[in-house]
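In the text below, chain A, chain B and the rest are named by the order of the sequence lines, each starting its count at 1. Note that these values count all heavy atoms, side chains included, but never hydrogens, waters or copies made by symmetry.
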Amino acid sequence: MNAVRKKEWLCPRNVVAGLAAGAMLAVAGAASAGVIKIGASLRMKTETGEKYGQMVVDELSAINAAGGVNGHTIEIKLLNDECKSDIGVANATKYAYQDNVHLFVGSTCSSVSLPIVDVIHKAGVPMLIPHSTNYKITLKGSPWVFRVPISSRFSAAAAAKYTAENIGTKIAYIWASDAASQADAQKFYEYIRNFHGEGPLYAEQFQEGELDLRPHLLKIKALQPEALMISAQSQDFARGLVQSYEVGIPPSVKRIGGSAASNRPAPILAGDAIKGVFFHAAFSYVDPDPNAQAFVKMTTERYGVPTPDHDFSQAWDLVQIAKRALERANLTLSDDSLAADRAAIRDALATIQGYKTLGGGVVDFCADATPECRDGNKTPVLIEYTKGGEDYELRVIGKTTFGADFGLDGMQEEAAALRKSLDN
Amino acid sequence: MLLRTENLSKHFGGLRAVDGIDFELEEGEVRGLIGPNGSGKSTFFNLVSGIYRPDEGSRIRIGGQDTTHFEPHRIAALGVARTFQLLRVFSEMTVLENLLVGHHLHVAYGPVAAVLGTRRMRNEERRVREEMMELLAFIGLADFAAMLASELSVGQRRLLALGRAMAMRPRLLMLDEPAAGLSPVNVDNLLRIIVGLKERYGLTVIIVEHILRVVMDTCEKVTVLDHGQKIAEGTPDEVKTDHAVIEAYLGREMEDDEVRRVLQG
Amino acid sequence: MDLLLDFIIVGLSIGIVYGLVALGISLIFSGLDIVHFAHGEVYMIGAFLGIAIVSISGVPYFGALVGAMIVTGAVGVVIERVFYRRLTRGGGGYTVAGMGMIICGFGMSVALQNVAYLIWGAAPHPYPVSFGMPIFLGNIALPKSYLYILVSALVLMAVLHTFLTRTKLGLAVRAVAYNKDTSYLMGVNVPAMISLIFGVACAMAAVAGVLIGPINYVQIEMGYLMLLKAFAAAVVGGFGSLPGALLGGVVVGLFETLCAGYLIASYKDIYAFLLLITVLMVRPTGLLGIIVKVKA
Amino acid sequence: MAEQAASLRFIDATERGLTRLRAVHPLAPWLVAFLLLAPLPWVLLNTYHVFLANFICVMILLSVGLNIVKGFCGQVTVGHVGLYAIGAYTAAVMSVNFGMTFWMSLPIAVMVTLLAGAVVGIPSFRLEGAYLALVTLGLGESVRIFISATEYLGATNGFSGIPAPRIGDFRFDTYQKYYYLVMPVMLLGVFFSFRILRSRLGRGFMAVREDPVAAAAAGVNVRGHKMIAFLISAGYAGFAGALYAHMIPGYLNPRNFTVIEMVTLLLMVVLGGLGHIWGGVIGAIIVTIVYDITKDYYHYSLLLFGSVIVLTVLFMPKGIGGIIDRFIATRRFIAIREGRATRPGSDDAA
């Protein structure tokens, strides 16, 4: 009987005891002082996702090698959210409540960042956004949210303004079924409608990975637009461009891309069809600015990416901003100072002023929980492809800097609704 | 008149599997249905039990009701139970559950009661389970009640199929080759059970069987089919000497084992 | 009127693309009674293998096509031997093993996609090939790819059809398709036949992948949407019929193009499903339907 | 071997305990389960674990529902995620655009999902196996595409701002509070599934799965049962969807209703045990927890999911539930043979 009893270790009492012991260990682990914890949730399974994810980790870890921030070491964790909101929300919740991070970095996709704002707001964790551009994210008005990239209210407007002034206002739009592509197109035609009184000639969506865009393009061709915007991830964008020539939309119709047009595969896949296409971004690797060129050199050498797109540059900017904020924050990092430390980092982030980005913009944050304060970069770059293929070339058309409150007219109602739902 | 068919026909493509059969069955009768392979016996069963739709012009009446276009479960609700040549027991269900499905129509509570778990439902479930265990004991499978049907031997499965049909408390029991594949000892056993059932519950039975002994020993009247048509009907002795029947069975090339089976009978 | 003609040309051209992929799906169904939900991933792997062969050995396009066929066919045989063998033994179609087969197909599909991600990464790849000037049909410029797709779809269909109906081996395959147990008793090497069917179907997926590559670009998620369209094509044409698969592809391509053209274009992909569902509900045997086996 | 024996004893003890509880009152085990689950938010380590518990509850509802139609009734549907999406979006639209309270939008969402379930159910009258799988896949995908291309439903930006449910001034606006909404619903759902499956209705489902022809001959209304199975599973999906929609952060996006989610759901049901009464519950718990633990290895997550599905189908077709069943059945058979136990006929139904 005794011999048998020995093996009954899986009885419920023991299981509970084991869980309790595990809990204590976990709590003990979480309490180690002097460590600043950063949690990142990014879309990793993309062409360069892995690489800029790695860069974020490397850059922040490098601070430790240099003696840390005010004597504190940094611990960074990276999770993939697949650009799916429920995974992103789970990641953010895990960081906020289990890993007890002091700063949350994420996400890549607007549709993921949008709900995370609510989670982060409730938990009281500062959130630094690397490249979600949807204007609603900051319009929600959470004091915890800071955005490094250019809000779609600026970037699309810049492209729209340029188009309206130099090309025309009869524009057809097709966009892929992801939030960023949709927001790009939407903000574009809203600008044209608001400032030039012309509605979109054609505005339809297609599924990501759609093989045949020609039905859309044929309809567009019959409408004889002055410009055609294809807002989609690189392969869909390239396919759309190529097929727009196949169905016979004349070269005189200007092709416009969304911000994803800057991704490296786009010109390689589209080949000659991409010539003359322009798009907006936060950064161009052809920028002669020495900072930018140094960055390109760095990514080439360390990550094998000679043509970093603005996802890459914004991740870099984000790391620099995070560094500055952490240096300024007065952190205790003891067992029970988590909430205070998080608030300190938030307040430190709010004091960031005049950070010059690789793309030539300036990131200014301030304390108010408004889009004016929290949409850091207000300087989109307009870029044009001058050659397609493996050895593609581009040129910078120009940069515009917007006022902080640009594009917020008539948004009060939406902002109020968003803020209300945030408090819900 | 429990069962009557008029001009019952069914064709598959060009093949007339059942061709204008008029068939009558009295309450309490035990009827044998024989005929060579492909003579339409199983099709006849499938038509009566509603699994096949009969051709235009056919009529089936069960207990005075026109069931020609009834779906199988409605025919079952009239008290018609059947077994299948290929058994078709529910192999991933337990032996007891198989019987419980057979008893489906006599479990007297609705889905709402099931969800709410009313006292009536629980009492009913208890009654049903006890009754089915009794039935299992009667067919000798009580010890296997909690086993999956797939774990039974072929003979046991045949008994189970019979038990499932009995669980339906039928007025009319249609047995499709109940003895196929059984050893002679088990055939005797089965005969005993069938006779026992008939005496105990006063059933009306139709038996399709290749082993003529089964039919000759148990049935008062035998119907013979060939090429989808009824060629003879009468007592076993009458049928045995009927010229058309002998011709149907012997007047064509027969497979070895079929000859053996006939001779055995 | 001009627009309608353009829509028809576009619909036809994309239709043959669907048809080409549907051929392999139909072959597996007619041979093994399996609806293979991982076929989209086989198609994707075939396309990647084609690129890999080109970039490693530098053989011309046609060589890559043949190479991808052989390798993908081999991969298919391995998949069948290692994973599907247990299930194919249990029978496909409506059986419980058939349900396992469907679930297994989904599992296989996501697993293969992940494997491809680990090998080739997430970036889309261009197909390193140029066919020169496109063909002009009315106002539409069709890349030569479509021509090759049409030709190879017809050739594949004809060759397979002849193989299945005229040769002894084809007869054995059809016997296996009809009834595995009986074929086994008749002395047909059933496992070998199953592997053969699976391998050939996977090789056909590779053909599709390599030929469609220049239009579609090659990336790990390319299989899924294509698979759904190809299923629609196979079903509409009559599952299991090779000419039906091609015809079905054309019908699906035309239908969705015309619907997208004259109705809300944003819902383009829904139209193919609607056609699939309607055909299954109204005429499950499809346009060139084979007679469904009666079971009772 | 030793482990096997240990777990066997555990099962045995559980069985005996349950029997004793049932003898007190048929609802007693459920009450005990509720009392055991109720303090969970305080026992669990942190809020994230409570979040996971909530998520598991939603997944249990979904997979239990799917198991009823797929595991018990044998209808191969792969469009379940579409029903889930319909439930979630209906509840969201009702709550946000029509300003209804949760208690109004929940029943409406369930009703709409039931309607959609009936639409999915109709093809099952004519189609089986792979054909049904194709149709349901098409319907499910159509739902997703429709949502992602419809501005009214937030399109790809997602539908945000779904308020937390409230009773008077009490708001279910933390994961801890929400747990007391979703856990009882989950428990009720599991309870009802037990009741349904262990009744006449459940046996009818299984008979339809095993052999529709024989089931019909035994008096089971095959079409009726298929339809009821689809409706029940749709009802579960409706509840799951409405609960998911109103959970923090009150946000829906069509990207969360793709085939990958469907495969995850399949994995839950298959691993837990297709056609096992506990299958959905076991699967949802294990898959969600394992997924969380393996978060760091996202490179391989789909490979892991896919391989587990394939291997389960190949080597463990009845899932974990099936293995447990084997233990119990074997032991009971031996016990009966040795005269140590009564026959199952005398068991209580609930």
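Listed by sequence position, D/I145, D/F146, D/A149, D/T150 are the residues of residues 144-159 of chain D in contact with chain C, using a 4.5 angstrom heavy-atom cutoff. Of residues 215-232 of chain D, no residue lies under 4.5 Å from chain C by any heavy-atom pair.
Heavy-atom distances place no part of D/F125 under 4.5 Å from chain C, backbone and side chain included. Heavy-atom distances place the side chain of C/Y117, and not its backbone, under 4.5 Å from chain D. Interface residue D/V263: only side-chain heavy atoms are found under 4.5 Å from chain C. Residue C/V282 touches chain D through its backbone alone, counting heavy-atom pairs closer than 4.5 Å.
Listed here is the closest heavy atom pair of C/G100 and D/V313: O-CG1, 3.6 Å. For the residue pair D/V310 and C/G107, the shortest heavy atom distance occurs at CG2-C, 4.0 Å. Contact record, C/V35 with D/A130: CG2-CB, 3.0 Å, taken as the closest heavy-atom pair. The heavy-atom pair separating C/N114 from D/H299 by the smallest distance is ND2-O, 2.7 Å. Contact record, D/R126 with C/M281: NH1-O, 2.6 Å, taken as the closest heavy-atom pair.
The choice from D/G306, D/G74, D/P123 that makes the most heavy-atom pairs within less than 4.5 Å of chain C is D/G306. Each of D/V259, D/L127, D/V78, D/L302 has some count of heavy-atom pairs under 4.5 Å with chain C, and the biggest count is that of D/L302. Ranking D/L139, D/L267, D/L134 against chain C, the residue ahead of the rest is D/L134, based on heavy-atom pairs under 4.5 Å. The residue among D/V270, D/I260, D/L137 with the most heavy atom pairs within less than 4.5 Å of chain C is D/L137.
Rounding to the nearest 0.5 angstrom, the gap separating the CG atom in D/L266 from the CZ atom in C/F106 is 6.5 Å. Taking CD of D/E141 as the reference point, atom CG of C/L276 lies at 12.0 Å (rounded to 0.5 Å).
The environment of D/Y300 atom OH is sparse: at most 12 non-hydrogen atoms of other residues, nucleotides or ligands sit within 6.0 angstrom. Crowding of C/I264 atom CD1: a count of heavy atoms from other residues, nucleotides or ligands under 6.0 Å not exceeding 12.
Between C/L118 and D/L303 the shortest side-chain heavy-atom distance falls below 4.5 Å. Looking only at side-chain heavy atoms (C-beta outward), D/L274 and C/I103 come within less than 4.5 Å of each other.
Taking the six-membered ring where the residue is Trp, D/Y131 and C/F29 present perpendicular rings, their angle passing 60° and hence far from 30°.
Of the possible polar contacts, none joining the C/D269 side chain to the D/S142 backbone as a donor-acceptor pair under 3.5 Å is found.
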